[in-house]
Amino acid sequence: MFTEKDYYFMKIALEEAQKAFEEEEIPVGAVVVSSEDKLLARARNQILKLNDPTAHAEILAIRLAASKISNYRLLGCKVYVTLEPCPMCAYAMVLARIEELIFATTDPKTGACGSIYNLACDSKLNHRIKLKEGLLKEQASLLLKKFFQKKR
């Protein structure tokens with residue numbers, strides 16, 4: 001189901017999540033990869049640092065990738081993220097025309113790629129994203145659990 005390249009890119013997303021953890025942000029990391037398997041962007045949650053409620057890892061990575069290729073449409077690109085995207089991030093991926101989304105763990109509170117909503121595959125929208133979930137789920141889940149235990 002998952003390729004060696006999938007593991008490679010998800011590990012980079014996990015590195016970003018770890019950096020977010022160390023910065024006391026919710027530990028989510030994301031990367032955008034081109035159709036040629038080139039890393040276009042990597043990012044982590046920076047909501048607190050930037051005082052920006054939209055500074056989710058996915059949004060920041062999409063912005064960087066679009067800027068890098070000078071095109072808001074990220075045709076053929078994949079996004080790897082450590083947590084199932086929220087509605088804002090899922091719809092941003094639809095707008096960017098992301099081809100495939102691979103995420104580590106589900107988000108039962110705000111997940112919009114199957115858990116609560118499924119914006120990524122909604123037939124009412126003009127673009128749908130291929131989904132895969134569960135890649136390095138244990139590592140991503142553990143980091144999130146450690147973060148929220150530390151906050152309590």
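Only a predicted model underlies this, so the values are computations on that prediction, with no experimental measurement involved.
Residue-environment remark: OH (Y8) stays at or below the threshold of 12 foreign heavy atoms within 6.0 Å. Shown here is K150, whose NZ atom has more than 12 heavy atoms of other residues, nucleotides or ligands within 6.0 Å.
Here CE of M88 is found 5.5 Å from OG1 of T54. Values are rounded to the nearest 0.5 Å. For the atom pair I129 CD1 and L119 CG, the distance stands at 9.0 Å (nearest 0.5 Å). Rounding to the nearest 0.5 Å places CG of L60 at 5.5 Å from CD of Q46. Atom CD1 of I98 and atom CG of L75 lie 9.0 Å apart (nearest 0.5 Å). Rounded to the nearest 0.5 angstrom, M10 CE and L136 CG are separated by 6.5 Å. Atom SG of C89 sits about 5.5 Å away from atom NE2 of H56, to the nearest 0.5 Å.
Connection of L64 to I47 is not established within any shared hydrophobic cluster, with ILVMFWY side chains joined at heavy-atom distances below 4.5 Å, either directly or through further cluster members. Taking hydrophobic clusters as Ile, Leu, Val, Met, Phe, Trp and Tyr residues chained together by side-chain heavy-atom distances below 4.5 Å, V94 shares a cluster with F103. Under a hydrophobic-cluster definition in which Ile, Leu, Val, Met, Phe, Trp and Tyr are linked whenever side-chain heavy atoms come within less than 4.5 Å, directly or via other members, F148 and V81 are assigned to the same cluster. Residues Y7 and L131 fall into different hydrophobic clusters, defined by Ile, Leu, Val, Met, Phe, Trp and Tyr side chains chained together at heavy-atom separations under 4.5 Å. Under a hydrophobic clustering in which Ile, Leu, Val, Met, Phe, Trp and Tyr are joined whenever their side-chain heavy atoms come within less than 4.5 Å, directly or via other members, I12 and L135 fall into the same cluster.
Ion pairing of E100 with K130 is absent here, as no side-chain N (NZ or NE/NH1/NH2) approaches a carboxylate O to less than 4.0 Å. Residues K78 and E99 are not paired through a salt bridge, judged by the lack of any N-O separation under 4.0 Å between the basic side chain and the carboxylate.
Side-chain atoms of R97 come within 3.5 Å of backbone N or O of L95 as a donor-acceptor pair. Side-chain atoms of H127 do not come within 3.5 Å of backbone N or O of M93 as any donor-acceptor pair. Checking side-chain atoms of E84 against main-chain N and O of C113 turns up a donor-acceptor pair under 3.5 Å.
The closest side-chain heavy-atom distance from I69 to L40 is below 4.5 Å. Annotation: side chain of L144 is in contact with side chain of I26 (closest heavy-atom distance under 4.5 Å). No side-chain heavy atom of R44 sits under 4.5 Å from any side-chain heavy atom of E25. A heavy-atom distance below 4.5 Å is not found between the side chains of L74 and K68. The shortest distance between side-chain heavy atoms of Y80 and V33 falls below 4.5 Å. For the pair N45 and P27, the minimum side-chain heavy-atom distance is 4.5 Å or more. Taking 4.5 Å as the limit, every side-chain heavy atom of I62 sits out of range of all side-chain heavy atoms of Y72.
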_Working note: D122 + Y117, criterion side chain to side chain contact (heavy atoms under 4.5 Å, CB included); need CA distance, chi angles, decisive distance, verdict._
CA-CA 9 Å; D122 192 323; Y117 309 106; over 6 Å; no

- prompt: Can you list the steps and then say if D6 with K132 is a side chain to side chain contact (heavy atoms under 4.5 Å, CB included)?
  reply: CA-CA 10 Å; D6 291 334; K132 289 184 187 173; 4.0 Å; yes

* Asked: Are K19 and E22 close enough, and set up right, to give a salt bridge (Lys or Arg N to Asp or Glu O under 4.0 Å), and what steps lead you there?
  -> CA-CA 5 Å; K19 289 177 189 174; E22 291 163 7; over 6 Å; no

Could you walk me through whether I102 and F9 pass the side chain to side chain contact (heavy atoms under 4.5 Å, CB included) check? CA-CA 10 Å; I102 299 167; F9 290 120; over 6 Å; no

Practice prompt. Please assess V28 against E58 for the test side chain to side chain contact (heavy atoms under 4.5 Å, CB included), listing each intermediate value before the final yes or no.
Written response: CA-CA 9 Å; V28 178; E58 302 96 308; 4.3 Å; yes

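The heavy-atom pair separating P85 from A90 by the smallest distance is CB-N, 4.0 Å. Scanning both residues, A17 and G29, for their nearest heavy atoms gives CB-N, 3.6 Å. Residues A112 and C86 approach most closely at CB-C, 3.5 Å, considering heavy atoms. When all heavy atoms are compared, the tightest approach of S34 to C77 is CA-SG, 3.9 Å.
Using cut-offs of 30° and 60° for the angle between ring planes, the F147 and F21 rings count as perpendicular.
Listed by first and then second residue, the side chain to side chain donor-acceptor pair (under 3.5 Å) pairs involving residues 135-149 are T105-S141 (not counting sequence neighbours).
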